[in-house]
Amino acid sequence: SQLNEWNHRIFSAHCKKPIEICSDLTVLTPSDAPQYVATVSDLYMSQIQKKQIQTTVSSIKMIDQKGIHLSDGRFIEVDHVVFATGYRLELPFFNEDMKKRLDLDVADPLQPLPLYKRVFHPDFPNMAFVGVARLPIFFTMIELQARWVTLIFSNQLPCPPEEKMRIGIENEKKVRQDPHPPQFLSLNLGYYEDLAQEINARPDFEKLKRDDPELHEKLWNGPFTSASYRLVGPGHNRAVALKKIDDINRRAEKDFQSSE
């Protein structure tokens with residue numbers, strides 16, 4: 001899709017920086033390769049520059065009690081080995097009938113559990129899922145999902161209609177057939193905005209632009225913060241939210257100036 005192509009250009013631009021810092025981080029990918037995975041870290045590249053992380057390019061021939069034997073003949077003495085293979089979602093506490101009705105596919109790393117807005121399933125009206133997403137976990141998503149579930153289970157908001165949920169689940173399943181799916185389904189501002197709309201916590205940007213242009217500028221053009229969903233709606237705390245928004249904008253401006 002056009003959005004995925006745009007995301008690809010953004011990530012590609014970011015990926016040039018690591019290669020400039022350390023050529024060992026070059027990853028050659030064939031043009032017809034399946035979906036790639038990129039991980040963004042605030043500290044990883046700086047630690048490589050400071051030699052706090054040593055990079056080694058080779059394949060592993062053998063691991064013994066003393067360390068790692070590489071295929072090029074080198075030996076690396078190590079204390080611990082961490083297999084960074086990622087995780088797969090499993091629900092061992094559900095019986096097979098429940099898993100089938102949920103259409104659980106543990107072999108699908110991106111969309112193992114298709115749910116309505118990644119939270120509800122119409123066959124199980126007294127159950128909700130919070131934080132079920134491909135890693136890394138984003139706490140803004142968890143907070144918004146938890147607030148929505150709490151409001152519905154406490155009868156402060158109605159449960160979504162069954163037909164609407166089933167249509168939404170079918171749309172979620174389409175990701176499984178997408179040859180170029182997004183890397184993270186839940187790293188999506190549109191999804192956060194949708195959840196915020198469900199609980200009436202989304203700021204009215206048109207009203208803010210008219211009545212409080214300074215705050216509008218911070219939210220619209222400044223760094224993203226989950227505090228923007230605590231300005232209004234159930235459980236809001238405007239004073240604390242404004243302080244958080246101001247703090248993150250000041251930090252961002254300071255970091256930007258120091259990087260020039």
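Heavy-atom basis, side chains included; hydrogens, waters and symmetry copies ignored.
Electrostatic pairing of K218 and E214 counts as a salt bridge here, judged by a charged N lying under 4.0 Å from a carboxylate O. The pair E206-K209 does not meet the salt-bridge criterion, since no charged nitrogen lies less than 4.0 angstrom from a carboxylate oxygen. A salt bridge between R250 and D247 is present, with a side-chain N of the basic residue lying under 4.0 Å from a carboxylate O of the acidic one. Ion pair D123/R166 flagged as a salt bridge, since at least one NZ, NE, NH1 or NH2 atom sits closer than 4.0 Å to an Asp/Glu carboxylate oxygen.
Taking all atoms of both residues into account, the shortest heavy-atom contact from E162 to P122 is CG-CB, 3.7 Å. Across all their heavy atoms, I245 and N249 have their closest contact at O-ND2, 2.8 Å. Contact between L195 and Q145 at its shortest, heavy atoms only, is CD1-CG, 3.8 Å. The shortest non-hydrogen separation linking H216 to F205 is CD2-O, 3.2 Å. Across all non-hydrogen atoms, the minimal contact from G131 to M141 is CA-CE, 3.7 Å. Scanning both residues, G168 and Y116, for their nearest heavy atoms gives CA-CD1, 4.0 Å.
In this structure a side-chain-to-backbone donor-acceptor pair under 3.5 Å is present from R88 to A107.
With a 4.5 Å cut-off on side-chain heavy atoms, L115 and F129 count as touching. Taking 4.5 Å as the limit, some side-chain heavy atom of L102 sits within range of a side-chain heavy atom of F124. With a 4.5 Å cut-off on side-chain heavy atoms, R101 and F94 do not count as touching. Within the 4.5 Å cutoff, side-chain heavy atoms of C159 are placed close to those of I152.
Hydrophobic clustering (side-chain heavy atoms under 4.5 Å, transitive across Ile, Leu, Val, Met, Phe, Trp, Tyr) keeps M62 apart from V78. When hydrophobic clusters are built by joining Ile, Leu, Val, Met, Phe, Trp and Tyr residues whose side-chain heavy atoms come closer than 4.5 Å, directly or via intermediates, V82 is not grouped with V57. Each of L219 and V240 belongs to its own hydrophobic cluster when Ile, Leu, Val, Met, Phe, Trp and Tyr are linked at side-chain heavy-atom distances under 4.5 angstrom. In the hydrophobic clustering of this structure, L189 does not group with I248; members are Ile, Leu, Val, Met, Phe, Trp, Tyr whose side-chain heavy atoms approach within less than 4.5 Å, directly or through other members. Residues I167 and I169 are members of separate hydrophobic clusters, defined by side-chain heavy-atom contacts under 4.5 angstrom among Ile, Leu, Val, Met, Phe, Trp and Tyr.
Within 6.0 Å of CD on Q177 lie more than 12 heavy atoms contributed by other residues, nucleotides or ligands. Residue-environment remark: CD (E77) stays at or below the threshold of 12 foreign heavy atoms within 6.0 Å.
The distance from atom CD1 of I63 to atom CD1 of I68, rounded to the nearest 0.5 Å, is 5.0 Å. Expressed to the nearest 0.5 Å, how far NZ of K117 lies from CD of E198 amounts to 3.5 Å. With rounding to the nearest 0.5 Å, the separation of CG in D194 from CG in L144 is 10.0 Å. In this structure, CG in D79 is found 14.0 Å from NZ in K66, a value given to the nearest 0.5 Å. Remark: W148 CH2 to N200 CG distance equals 12.0 Å, nearest 0.5 Å. In this structure, the separation between CD on E90 and CG on L113 is 12.5 Å, given to the nearest 0.5 Å.
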Problem set entry | D72/R74 under salt bridge (charged side-chain N to carboxylate O under 4.0 Å, His left out): CA gap, chis, key distance, verdict | CA-CA 6 Å; D72 58 11; R74 288 179 294 164; 2.8 Å; yes
For this session: Start with the C-alpha distance between K173 and E170, add both sets of side-chain angles, then the distance that settles side chain to side chain contact (heavy atoms under 4.5 Å, CB included), and finish with yes or no.
Result: CA-CA 5 Å; K173 290 180 181 179; E170 289 303 313; 3.3 Å; yes
For this session: Just do the side chain to side chain contact (heavy atoms under 4.5 Å, CB included) check on Q54 and Q47 with the steps written out, would you?
Result: CA-CA 9 Å; Q54 301 291 330; Q47 289 175 335; over 6 Å; no
For this session: Using the side chain to side chain contact (heavy atoms under 4.5 Å, CB included) rule, take V106 and L89 through it: C-alpha gap first, then chi angles, then the decisive distance, then the call.
Result: CA-CA 6 Å; V106 297; L89 175 69; 5.9 Å; no
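A cation-pi arrangement, defined by a distance under 6.0 Å to the six-membered ring centre and an angle within 45 degrees of its axis, is present between R118 and Y191.
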Per-pair distances, 0.1 Å, donor-acceptor, side chain in residues 221-235, under 3.5 Å, sequence neighbours excluded:
from	atom 1	to	atom 2	distance (Å)
N221	ND2	E217	OE1	2.9
N221	ND2	E217	OE2	3.2
T225	OG1	A227	N	3.1
S228	OG	T225	O	2.9
Y229	OH	E193	OE2	2.5
R230	NE	E143	OE2	2.7
R230	NH1	G235	O	2.8
R230	NH2	E143	OE2	2.8

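Here the options are Q111, R176, H121, the test is side chain to side chain donor-acceptor pair (under 3.5 Å), and the partner is D103; only R176 passes.
F75 and H69 have tilted rings, their planes meeting at an angle from 30° to 60° on a 0 to 90° scale.
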